[in-house]
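Notes follow the structure.
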2 protein chains.
Amino acid sequence: MHSFTEENYLKAIYHLSEGNTMAVSTNQIAEMTNTKAASVTDMLKKLAEKKLINYIKYQGVTLTSTGVNAAVNIIRKHRLWEVFLVEKLGFKWDEVHDIAEELEHINSETLINRLDDFLGNPVADPHGDPIPDRSGLIKHKKLVKISEMQTGESGTVSGVNEHSSVFLKLLEKLGLTLGTKIIISELIEFDGSIMLTIDQKTERTISREVAKNILVIL
Amino acid sequence: MHSFTEENYLKAIYHLSEGNTMAVSTNQIAEMTNTKAASVTDMLKKLAEKKLINYIKYQGVTLTSTGVNAAVNIIRKHRLWEVFLVEKLGFKWDEVHDIAEELEHINSETLINRLDDFLGNPVADPHGDPIPDRSGLIKHKKLVKISEMQTGESGTVSGVNEHSSVFLKLLEKLGLTLGTKIIISELIEFDGSIMLTIDQKTERTISREVAKNILVIL
DNA sequence: TATTTTATTTAGATTAATCTAAAAATATCG
DNA sequence: CGATATTTTTAGATTAATCTAAATAAAATA
Ligand SMILES: [Mn+2]
Ligand SMILES: [Mn+2]
Ligand SMILES: [Mn+2]
Ligand SMILES: [Mn+2]
């Protein structure tokens, strides 16, 4: 199969491709993988050789369909392990990412499919991100940033754009964990901060910066 | 911490040291790790440098107490993951070793201790091998090979000396899985094979070779 | 468009883990 | 004990992944 390192590059390219249709640049990959551009170029040659990416010198890269499959499979494993850690071992949602970074490289189709069944075939990980099924299919939900909502609109917190432990801990403190129902009560013009009602009870104001990183289903 | 490879060498040295008090030889390690003696020598220098082994040129190696701790911790992880795979994911006892070889290198003290609790702090893995507790303590049971038992003696199958899938599948076919009660009915002088009664019901003959690899508690 | 800045690639080294072949040490046996 | 066989170590290469510094291509800007 692919090496630990190759897998991490594939995953990085996949995440950088999400949303935009553009090719991914060498520097973007270097930043995401904490390496230098020269190292990335070397690896890109190798991945292109293996037909996992489309690579033209100076023009950036896209994943081939084989490459997408490989990346999605790693993401499937990552997210299922995160669910396991939270649901079965009692970890908190801000504690599981680093361990899942290791577990996602364990190689066994049977293992991951049995884990999937054991967990009850979850559709989302502890951060609300969708879990690809065993055929690689991802069911994306229509999510909106709180910062894009209008006064009076309501929704359910269902995802985050920022996965750092500090941010996730903050959301807990604010009572804005997944599943929480919110209603926008006021948009403060002065600094863009947002007043909202949480679970029909608490009234709270959050900064635009925080609002941009919380995703809701309307 | 230690690299994947270093961990595998430590584990190999530990297993080769079990039982005998002698120092372990370069060739033994090479055989166990599927490498060549020259590669082993290189690694031994490195492990000695890190104070994980006592190494004198041409004289073989022993683990230091730091080395033993490291090795025991890997074995703890290996065996707990094996229990998880069998008890929670429904794998059979002959299917889990290779996956556990990968999982044993996942680095998280918290993870493994929570897994331990989740599994109900098992004392033995699916092959009957003892699981070190979080302080590294191993409770060895007094086990006897069937080949060393006398006519009339009885006991409970509680371990194996051979972990290959073919052997484990054979034991299942013979009805000699862990927990099975046996009574020695006759020792066949001609070829050393052994007749025994399984669970007070079935009468069976097994070869000396098979008998040598089944361990019982009297 | 020419110049300057930025991004990317190449060249050349380094480190970890491995190997083969040769040299050196130890063990075995007549 | 000394010759022979075995084991272990050293020497020198190789491969994967990384780096720094220099060269080159592309993009931005004056
Ligand atoms: Mn994650
Ligand atoms: Mn996640
Ligand atoms: Mn095992
Ligand atoms: Mn086992």
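Numbered from 1 within each chain, the chains take letters A, B, ... in sequence-line order.
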Fill in the blank from the handout: A:His2 NE2 to D:dA16 P, in whole Å, measures 14 Å
Problem - By salt bridge (charged side-chain N to carboxylate O under 4.0 Å, His left out) - contacts of B:Lys57 (at least two apart) - result: none
Exercise for the section: Give the rounded distance in Å between these two atoms: CE of B:Met43 and P of D:dT8. Expected result: 17 Å
Contact list (N/O, under 3.5 angstrom) for nucleotides 19-23 of chain C vs protein:
residue, atom, partner, partner atom, Å
C:dC19, OP2, B:Lys36, N, 3.0
C:dC19, OP2, B:Ser39, OG, 2.5
C:dT20, OP2, B:Lys36, NZ, 3.4

Handout entry: C:dT8 OP1/OP2 closer than 4.0 Å to side-chain N/O of A:Tyr55
Key = no
Practice task
Report yes if at least one side-chain N or O of B:Asn27 is closer than 4.0 Å to OP1 or OP2 of D:dT8; otherwise report no.
Solution key: yes
Exercise for the section: Check whether any side-chain N or O of B:Lys45 sits under 4.0 Å from OP1 or OP2 of D:dT10, and answer yes or no. Expected result: yes
Exercise for the section: Could you state the atom-to-atom distance from CD1 of A:Ile56 to C1' of C:dT9 in whole Å? Expected result: 15 Å
Exercise for the section: Check the distance between D:dT24's C1' and A:Gln59's CD and give it to me in whole angstrom. Expected result: 14 Å
Problem - A:Glu189 atom CD, over 12 foreign heavy atoms within 6.0 Å - result: no
Exercise for the section: Assign B:Tyr9 to base, sugar-phosphate, or nothing according to its heavy-atom contacts below 4.0 angstrom with the strands shown. Expected result: sugar-phosphate
Exercise for the section: Specify the separation, in whole Å, of atom NZ of B:Lys50 and atom P of C:dA16. Expected result: 9 Å
Fill in the blank from the handout: Rounded to whole Å, the CG-P distance (B:Leu44 to C:dT18) equals 12 Å
Practice task
Could you pull out all residues at least two apart from A:His105 that satisfy side-chain hydrogen bond (donor to acceptor under 3.5 Å, both in side chains)?
Solution key: A:Glu7, A:Asn8
Handout entry: Rounded distance in Å - CG (B:Leu47) to P (C:dT18)
Key = 11 Å
I'd like a table of donor-acceptor pairs (distance under 3.5 Å, sequence neighbours excluded) in which one partner is a side-chain atom from residues 31-39 of chain A, with atom names and distances.
residue, atom, partner, partner atom, Å
A:Thr33, OG1, A:Ile29, O, 2.7
A:Thr33, OG1, A:Thr35, OG1, 2.8

Handout entry: Closest-nucleotide 5' rank along DNA chain D - winner of B:Ser25 and A:Glu6
Key = B:Ser25
Practice task
Using a 4.0 Å heavy-atom cut-off across all strands, classify A:Thr41 as base, sugar-phosphate, or nothing.
Solution key: base
Problem - side-chain hydrogen bond (donor to acceptor under 3.5 Å, both in side chains) partners of A:Asn113, counting only residues at least two apart - result: A:Arg76
Completion exercise
To the nearest angstrom, the CD1-P distance between A:Ile29 and C:dT8 comes to 9 Å
Practice task
Any side chain to side chain donor-acceptor pair (under 3.5 Å) involving residues 58-67 of chain A? Give me the pairs, sequence neighbours left out, ordered by first then second residue.
Solution key: A:Asn54-A:Thr62
Exercise for the section: Please determine which of B:His78, B:His127, B:His163 meets the ring-ring contact (aromatic ring centres under 6.0 Å, His included) test together with B:His97. Expected result: B:His78
